[in-house]
Amino acid sequence: QVQLVESGGGSVQAGGSLRLSCAASGYTHITASMAWFRQAPGKEREGLAIIYTAGGTYYADSVKGRFTISRDNAKNTLYLQMNSLKPEDTAMYYCAAASKYGDGGLWYLPRSYNYWGQGTQVTVSS
């Protein structure tokens, strides 16, 4: 089992920045990849960014160039640096981990992950 706990959310004005953290505990050595998702009220959960164990990353077009995913293996912590925030970035943000390789390129789908954190709220005002 892997436990994930997000932190770092909050309220910020448009154009501002936030850094989210996701602390992993438990059998963290079994994670093949970790990712960030978000979900706004009434919308589906959206995949934002993924980082594989080997370090490769992918981003959704909606955040490419503004968000950066990274991980500190020594601290078992995943990060999401969010810059140039927009009101449409307002959502609950979740980190996720997959214990198996081979997502078939479908990293942006929630079903590709089997561990989830409880979420942290990000609110961007105009």
Side-chain angles (χ1 to χ4, degrees):
Q1 292 292 327
V2 176
Q3 293 79 43
L4 303 173
V5 179
E6 303 95 334
S7 62
S11 297
V12 64
Q13 289 190 329
S17 298
L18 282 174
R19 188 176 81 156
L20 305 183
S21 299
C22 173
S25 60
Y27 293 101
T28 56
H29 62 281
I30 67 173
T31 58
S33 61
M34 296 187 74
W36 287 100
F37 283 74
R38 68 185 177 191
Q39 188 167 20
K43 295 189 176 181
E44 294 186 352
R45 193 164 293 194
E46 176 189 12
L48 302 178
I50 185 175
I51 184 165
Y52 291 95
T53 302
T57 59
Y58 290 95
Y59 294 90
D61 289 343
S62 59
V63 304
K64 196 175 297 181
R66 300 189 299 125
F67 291 9
T68 302
I69 190 172
S70 62
R71 64 192 296 177
D72 185 330
N73 292 326
K75 295 182 178 180
N76 288 327
T77 301
L78 178 73
Y79 301 101
L80 185 69
Q81 178 66 44
M82 306 187 296
N83 299 328
S84 302
L85 284 162
K86 305 174 182 180
E88 51 263 43
D89 293 319
T90 295
M92 186 71 79
Y93 283 69
Y94 300 89
C95 70
S99 58
K100 296 182 179 181
Y101 291 92
D103 56 27
L106 302 178
W107 66 267
Y108 49 88
L109 295 181
R111 62 179 172 88
S112 295
Y113 304 87
N114 45 344
Y115 299 106
W116 291 87
Q118 83 292 347
T120 186
Q121 178 68 37
V122 171
T123 302
V124 184
S125 58
S126 58

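Ser126 approaches Pro87 most closely through the heavy-atom pair CB-CG, 3.9 Å. For Ala91 against Arg38, the heavy-atom pair with the smallest separation is CB-CB, 3.9 Å.
Using a 4.5 Å heavy-atom threshold, the side chains of Ser21 and Lys75 count as separate. Looking at heavy atoms from C-beta onward, Val122 lies in side-chain contact with Met82 at the 4.5 angstrom threshold. Looking only at side-chain heavy atoms (C-beta outward), Leu106 and Arg111 come within less than 4.5 Å of each other. Side-chain contact between Glu46 and Val63 is absent, with no heavy-atom pair separated by less than 4.5 Å. You'll find the side chain of Gln121 reaches within 4.5 Å of the side chain of Thr90, heavy atoms only.
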For Trp36 and Cys22, what are the C-alpha separation, side-chain angles and deciding distance, and is it a side-chain contact (heavy atoms from CB on, under 4.5 Å)? CA-CA 9 Å; Trp36 287 100; Cys22 173; 3.7 Å; yes

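Separation of atoms CZ (Arg45) and CG (Leu109) is listed at 12.5 Å; rounding is to 0.5 Å. Rounding to the nearest 0.5 Å places CG of Leu85 at 10.5 Å from OG of Ser125. Here the CE-NZ distance, from Met92 to Lys43, works out to 15.5 Å after rounding to the nearest 0.5 Å. Distance check: Phe67 CZ to Arg19 CZ gives 14.5 Å after rounding to the nearest 0.5 Å. Atom CG of Leu78 sits about 4.5 Å away from atom CD1 of Ile69, to the nearest 0.5 Å. Once rounded to the nearest 0.5 Å, the distance linking CE of Met34 with OG1 of Thr77 reads 8.5 Å.
Around atom OH of Tyr59, more than 12 heavy atoms belonging to other residues, nucleotides or ligands sit under 6.0 Å away.
Note on Leu4: it does not cluster hydrophobically with Tyr52, by side-chain heavy-atom contacts below 4.5 Å among ILVMFWY residues. In the hydrophobic cluster analysis, where Ile, Leu, Val, Met, Phe, Trp and Tyr join through side-chain heavy atoms closer than 4.5 angstrom, Val124 is grouped together with Leu80.
If you run ring-ring contact (aromatic ring centres under 6.0 Å, His included) between Phe37 and each of Trp107, Tyr113, Tyr93, Tyr108, only Tyr113 comes through. Tyr79 pairs with exactly one of Leu20, Asp72, Ile51 by the side chain to side chain contact (heavy atoms under 4.5 Å, CB included) rule, that one being Asp72.
Remark: the backbone N or O of Thr31 is paired with a side-chain donor or acceptor of Thr53 at under 3.5 angstrom. One N or O on the side chain of Glu6 and one on the backbone of Gln118 form a donor-acceptor pair closer than 3.5 Å.
Salt bridge Lys86/Asp89: absent, no basic N to carboxylate O contact under 4.0 Å.
Using a 30° and 60° split on the angle between ring planes, Tyr94 and Trp116 fall in the perpendicular class, above 60°.
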